[in-house]
Amino acid sequence: MTETRRGRPKAFHDKTEQNTIRALDRAMALLQALAGSDGMTLTELAQAQGESPATTYRVLTTLAQRQMVELDPRGQVWHVGAGTFRTGAAFLRRTNVVERARAPMQALMRATNETANLGVEQQGEVLFLTQVETHQAIRAFFSPGTRSPLHASGIGKALLAWMPGLNPGPLTRFTEATITEPEALARNLALTRSRGWALDNQERTEGMRCVAAPIFNAHGEPVAGVSISGPVFRLPPDALPDLGARVKAAAAEITGSIGGVIKS
């Protein structure tokens with residue numbers, strides 16, 4: 001079977017303009033802009049995309065026919081539509097990790113009284129898939145689709161520790177606590193692997209900590225990570241070993257439920 005018949009043409013890796021559909025690219029950029037906002041007017045979208053209002057409106061009306069976007073007539077504000085959600089949900093159906101993780105995440109949230117998160121590695125970043133929120137007034141929030149750098153997130157470091165070939169990318173500094181030196185990150189990942197859980201110690205957001213552990217597939221490969229996140233005053237240093245053990249146990253439960261094998 002030729003490469004073309006397997007789902008991609010010979011020019012698949014050619015990203016030059018001749019292989020890019022500009023109108024489609026414009027529509028995807030518009031959707032991404034809406035997804036990262038709480039709604040935008042036509043004028044705001046046109047300015048953000050560097051397009052005329054007339055062109056932007058044509059893209060919006062085309063997407064609206066597929067329910068990918070919708071207009072709130074009260075404020076003339078455009079939002080992501082139900083069609084976009086249905087399309088995006090197909091990504092979650094590629095794996096049963098989300099479904100299997102739900103009950104252990106709910107139990108983890110109740111046991112720790114902190115928000116539980118599930119994420120995977122995608123294109124060199126952590127992609128958050130789902131979350132079970134705590135009822136605490138101050139809490140972490142990662143909506144599905146949120147991305148985070150590998151080196152400055154609990155789940156990211158959990159995956160890096162068990163995936164030696166995974167490139168952490170640029171070690172960008174976000175806070176004073178962010179690890180930006182490769183040698184320091186290597187030492188942190190060695191510690192992570194030895195104790196079985198990772199720690200984001202205010203490395204992405206000042207005042208917040210995250211404790212995470214990897215989830216493995218049947219081949220002993222890390223395919224996801226589970227974590228809890230909360231403010232430092234509720235996750236003090238002396239509580240971290242116990243929290244780490246709880247998160248590690250939840251990850252092991254999810255691993256077992258998908259037929260995975262825990263890798264030491």
Side-chain angles (χ1 to χ4, degrees), residues 13 15 29 32-33 35-36 91 97 114-131 138-217 220-241 243-245 247-248 250-251 255 262-264:
H13 296 291
K15 301 300 190 292
Q32 289 176 333
F91 174 80
V97 172
E114 299 296 345
T115 296
N117 315 286
L118 182 74
V120 297
E121 184 275 331
Q122 188 184 59
Q123 298 179 344
E125 295 179 298
V126 175
L127 174 68
F128 288 93
L129 301 180
T130 189
Q131 183 179 68
I138 301 176
R139 58 187 183 270
F141 179 71
F142 303 100
S143 60
T146 299
R147 293 177 179 272
S148 185
L150 292 170
H151 74 288
S153 68
I155 290 177
K157 291 203 286 185
L159 295 173
L160 284 168
W162 277 269
M163 296 177 69
L166 183 58
N167 185 352
L171 303 185
T172 305
R173 180 178 296 281
F174 298 98
T175 72
E176 289 299 317
T178 306
I179 299 174
T180 59
E181 297 296 329
E183 295 79 8
L185 180 61
R187 290 193 296 270
N188 187 276
L189 296 179
L191 174 61
T192 293
R193 185 155 182 159
S194 68
R195 68 190 174 193
W197 52 272
L199 174 65
D200 164 11
N201 191 11
Q202 306 185 73
E203 296 160 43
R204 182 65 176 88
T205 304
E206 188 173 350
M208 301 294 289
R209 286 194 176 109
C210 175
V211 180
I215 297 166
F216 300 96
N217 64 14
E221 301 163 339
V223 293
V226 64
S227 70
I228 57 168
S229 304
V232 293
F233 66 86
R234 290 206 307 264
L235 277 70
D238 60 350
L240 295 179
L243 293 172
V247 174
K248 183 179 176 181
T255 294
I262 295 176
K263 190 175 181 180
S264 59

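In this text the structure is predicted, and so the values were computed from the model without any measurement. Sequence positions, counted from 1, serve as the residue numbers for this chain.
- Interatomic distance, CG of Leu159 versus CG of Leu166, reported as 7.0 Å (0.5 Å rounding).
- Pro222 and Phe216 make their closest contact through N-CD2, 3.6 Å (heavy atoms, listed as atom of the first residue, atom of the second, distance).
- Evaluation of the salt bridge (Lys or Arg N to Asp or Glu O under 4.0 Å) test over residues 220-238, restricted to residues two or more places apart or in two chains, returns Glu114-Arg234.
- Note that the CD atom of Glu121 and the CG atom of Asn167 stand 10.0 Å from one another [nearest 0.5 Å].
- The distance from atom CG of Leu185 to atom CG of Leu150, rounded to the nearest 0.5 Å, is 9.5 Å.
- A distance of 12.0 Å separates CH2 of Trp162 from CD1 of Ile215, quoted to the nearest 0.5 Å.
- Closest approach of Pro241 to Trp197, counting heavy atoms only: CA-CZ2, 3.9 Å.
- Between the side chain of His151 and the backbone N or O of Gly169, no donor-acceptor pair lies under 3.5 Å.
- Taking the side chain to side chain contact (heavy atoms under 4.5 Å, CB included) definition, one finds that Ala33 meets it with Met40, Leu45, Gln49, sequence neighbours left out.
- By the side chain to side chain contact (heavy atoms under 4.5 Å, CB included) test, Thr115 is found to be paired with Asn117, Gln131, Glu133, Thr134, Arg139, residues two or more places apart in sequence or in another chain being considered.
- Taking all atoms of both residues into account, the shortest heavy-atom contact from Pro214 to Ala251 is O-CB, 3.3 Å.
- Here the straight-line distance linking atom SG of Cys210 with atom CG of Leu243 works out to 11.0 Å at 0.5 Å rounding.
- The side chain to side chain contact (heavy atoms under 4.5 Å, CB included) check on Ala35 picks up Val80, with sequence neighbours excluded.
- No donor-acceptor pair closer than 3.5 Å links the side chain of Thr130 to the backbone N or O of Leu118.
- The shortest side-chain heavy-atom distance between Val247 and Val226 falls under the 4.5 Å cut-off.
- Gly145 approaches Leu127 most closely through the heavy-atom pair O-CD1, 3.5 Å.
- Residue pairs meeting the side-chain hydrogen bond (donor to acceptor under 3.5 Å, both in side chains) criterion with at least one partner in residues 200-213, sequence neighbours excluded, are Lys157-Glu203, Asn201-Arg209.
- Under the side chain to side chain contact (heavy atoms under 4.5 Å, CB included) criterion, Glu181 pairs with Glu183, Ala184, not counting sequence neighbours.
- Looking only at distances, no side-chain donor or acceptor of Thr178 sits under 3.5 Å from a matching main-chain atom of Thr180.
- Residues Arg147 and Gln122 form a side-chain contact, since some pair of their non-hydrogen atoms from C-beta on lies under 4.5 Å apart.
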